[in-house]
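Nothing here was measured: the structure is a model prediction, and the numbers come from that model. In what follows, chains are A, B, ... by sequence order, proteins preceding strands, each numbered from 1.
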Amino acid sequence: MADLKRTKIALMFFLAVGVGSGAAALGMDLPETVLLNSLSRYYDGVSFDHALHEQVADCASCHHHTTGMPSQDPDCMRCHAGAAEMGVVACRDCHAAEPFSAGYLKAKKADTHRYHTDQLGLKGAYHQSCLGCHQAMGAPIGCLDCHQRNQAGDELFRAGALSSAGPAASR
Amino acid sequence: MSGISRRKFLAASMAGSAAATLSLTSGAFGAALLEGYPDGMGVLVDMTRCIGCRSCEAACNKEQQLPAPEMAFDDPAAFDYSYHAGQKRRTTEAAYTVVNRYEIQGEEQPVYRKIQCNHCNEPACLTSCFVNAYTKTKEGAVMFNDKVCVGCRTCMVACPFNIPAYSYSSAFNPVVKKCVFCHETRLKNGLPPACVEICPQEALTFGNRRDLIKIAHQRINDNPGRYVDHLYGEKELGGTSWMYLSSVPFEQLAFDTTLGREPIISNVKGFLGAVPMVLAIWPALFTGFHLLATKNKHGEGHQADHPIQEDDKQ
């Protein structure tokens with residue numbers, strides 16, 4: 001029953017983001033682009049060019065051990081060496097969107113056998129994974145290189161036309 | 001009869017003084033042993049993750065409804081701003097948190113250090129405040145009540161991290177201003193502070209302070225070479241709710257590494273603890289001395305009075 005529900009949720013997720021995340025497992029085409037917009041508030045969603053990144057990195061560079069390719073971190077291989085492809089490979093299937101909510105912290109603490117006690121949240125996972133690699137490979141690293149800031153974001157940063165010192169002062 | 005009461009009085013006063021002296025020398029106040037509230041929350045600042053985007057400054061400004069900054073929060077010129085002959089930016093009445101950039105010799109990337117109130121377990125500001133404007137909440141926040149602040153600025157001198165700022169711009173009601181851990185709007189409702197929530201790199205990790213200490217040491221162990229083997233704020237001054245991990249020695253990022261482990265209050269607690277005892281015992285003691293010293297004179301006076309009375313009777 002629980003399995004069925006999980007499959008259903010997973011299916012809904014795949015449909016929602018318009019990609020076949022399980023495609024690799026089924027030998028189907030990998031997604032051309034993935035729209036990363038579940039956290040968008042001050043920036044518009046990011047259309048991630050999956051096809052482009054397939055050419056510059058292995059699956060395991062981002063997906064750890066979940067695509068069937070061996071993990072690149074020997075420390076992970078201690079447990080995940082024999083791990084097969086997993087049904088779910090999306091970042092948010094493991095990395096929580098709200099890693100510091102009272103509920104999440106409580107559940108984490110109650111799970112005394114949990115090994116990954118210092119697991120990144122979704123936003124941290126995206127940025128550390130993307131930005132870390134971009135820095136190492138000399139790819140763009142500015143916020144606005146990937147993100148289109150929206151009006152709420154301009155207000156927050158007091159930037160652009162909303163700068164307190166006027167548009168000329170901001171860069 | 002009067003001899004016995006005098007002896008009793010002297011014995012009692014000696015016992016009182018001895019008890020006071022003993023309790024002082026035995027260090028019964030034990031401030032250094034306090035580790036803060038068991039469920040106190042904290043934030044682990046991992047400076048190896050910070051990219052200097054200053055989103056935290058922007059989020060703090062919005063959450064605390066602070067005035068608009070001189071420069072936009074995405075303006076990198078802020079890192080070059082200095083005052084008083086080259087000092088980096090500090091917290092002000094309009095900015096409860098500030099990120100500064102440090103160019104370190106031998107490091108490819110600059111290191112960014114976020115500063116805000118560290119929310120000490122034993123806050124020096126709280127100790128120094130004579131109107132009790134400060135409180136340490138069970139959630140870990142060091143709160144400030146500007147309703148009772150008289151603007152003496154003693155806390156600004158007392159704070160070992162130079163955090164409390166002053167609203168010099170206010171002509172009629174200048175008060176102290178500082179980070180309050182978003183206690184009223186977030187912390188007490190089980191939410192992380194605004195700066196933590198917005199941080200894209202998760203350079204700020206929010207959680208129970210005791211769990212964060214474990215996580216921090218785990219990070220040091222799991223990533224050899226990435227961190228210096230020190231968690232700043234774990235032990236400093238009796239511990240702080242906000243703690244830092246760094247890839248370079250803390251002195252190079254202008255952290256004060258000479259603070260020691262003793263809370264500031266340990267330097268004054270013995271003395272201040274003696275004040276009530278002095279107030280309770282000394283009046284009684286010296287009144288007793290006075291009575292003893294003047295007893296004979298008083299008695300003589302009585303005897304001197306008698307003959308007159310007897311004379312009157314005659």
Side-chain angles (χ1 to χ4, degrees), chain A residues 39 41-43 73 75-76 95-106 108-109 114-132 134-136 141-144 146-147 149 152-171, chain B residues 39 41 43-44 46 48-49 51-55 57-63 66-78 94 108-109 139 186-194 196-208 210-212 214-219 221-223:
Chain A
L39 299 170
R41 185 172 171 195
Y42 298 116
Y43 301 89
D73 186 341
D75 207 35
C76 303
H95 297 281
E98 292 183 345
F100 304 124
S101 69
Y104 187 80
L105 287 178
K106 200 176 168 188
K108 201 167 91 168
K109 193 152 197 169
R114 185 186 173 114
Y115 174 76
H116 294 293
T117 49
D118 188 21
Q119 191 176 46
L120 286 168
L122 185 57
K123 187 160 54 176
Y126 279 146
H127 286 96
Q128 285 194 30
S129 184
C130 297
L131 207 51
H134 273 223
Q135 269 172 339
I141 54 168
C143 302
L144 301 180
C146 294
H147 296 278
R149 195 164 61 205
D154 280 351
E155 281 169 15
L156 182 82
F157 282 87
R158 312 264 185 166
L162 298 152
S163 168
S164 49
S170 67
R171 293 176 189 178
Chain B
D39 294 325
M41 305 302 279
V43 174
L44 175 62
D46 190 330
T48 68
R49 293 180 175 183
I51 52 169
C53 70
R54 296 176 63 219
S55 301
E57 288 187 38
C60 176
N61 180 280
K62 185 186 180 192
E63 181 77 17
L66 299 174
E70 286 172 27
M71 283 176 272
F73 285 112
D74 63 349
D75 190 344
E108 276 182 29
Q109 302 288 338
E139 295 89 354
R186 296 169 153 270
L187 192 63
K188 72 177 184 186
N189 304 321
L191 294 168
V196 171
E197 191 175 86
I198 202 163
C199 180
Q201 281 281 93
E202 220 172 291
L204 309 174
T205 304
F206 173 77
N208 185 290
R210 290 179 179 185
D211 296 337
L212 292 179
K214 287 179 203 158
I215 286 174
H217 287 292
Q218 194 68 39
R219 279 188 203 170
N221 287 339
D222 289 353
N223 302 280

ask   = Does any heavy atom of chain A fall under 4.5 Å from the side chain of Asp211(B), the backbone, both, or neither of them?
value = side chain
request  = Against chain A, label Ile51(B) side chain, backbone, both or neither, depending on which of its atoms sit under 4.5 Å from a heavy atom there.
outcome  = side chain
request  = Side chain from CB out, backbone as N, CA, C, O: work out which of these in Glu197(B) comes under 4.5 Å of a heavy atom of chain A, or both, or neither.
outcome  = both
note = Comparing Glu202(B), Gln109(B), Met41(B), Arg54(B) against chain A, the one with the most heavy-atom pairs below 4.5 Å turns out to be Glu202(B)
Nearest-0.5 Å distance that lies between atom CD in Glu155(A) and atom NZ in Lys62(B) = 8.0 Å
query = Between Phe73(B) and Arg158(A), is any pair of side-chain heavy atoms under 4.5 Å apart?
reply = yes
query = Between Cys53(B), Pro192(B), Pro200(B), which shows the greatest number of heavy-atom pairs under 4.5 Å with chain A?
reply = Pro200(B)
Which atoms of Leu131(A) approach chain B - backbone, side chain, both or neither, heavy atom under 4.5 Å = side chain
query = Is chain A contacted by the side chain of Gln201(B), its backbone, both, or neither, given a heavy-atom distance below 4.5 Å?
reply = both
query = Would a 4.5 Å heavy-atom cut-off, applied to side chains only, mark Lys109(A) and Asn208(B) as touching?
reply = yes
inquiry  = Less than 4.5 Å to any heavy atom of chain A: does that hold for the side chain of Leu44(B), its backbone, both, or neither?
reply    = neither
request  = With the side chain counted from C-beta on, respond yes when Arg149(A) and Asp74(B) share a heavy-atom pair under 4.5 Å apart, and no when they do not.
outcome  = yes
key: Interatomic distance, Phe100(A) atom CZ to Thr205(B) atom OG1 [nearest 0.5 angstrom]   = 4.5 Å
inquiry  = For the interface with chain B, which of Leu120(A), Leu105(A), Ile141(A) has the highest count of heavy-atom pairs at distances below 4.5 Å?
reply    = Leu120(A)
inquiry  = When you compare the side chain of Arg219(B) with that of Asp118(A), does any pair of heavy atoms fall below 4.5 Å?
reply    = yes
ask   = Counting heavy atoms not belonging to Glu63(B), are there more than 12 under 6.0 Å from its CD?
value = yes
note = Whatever's closer than 4.5 Å to a heavy atom in chain B on Tyr126(A) counts as neither
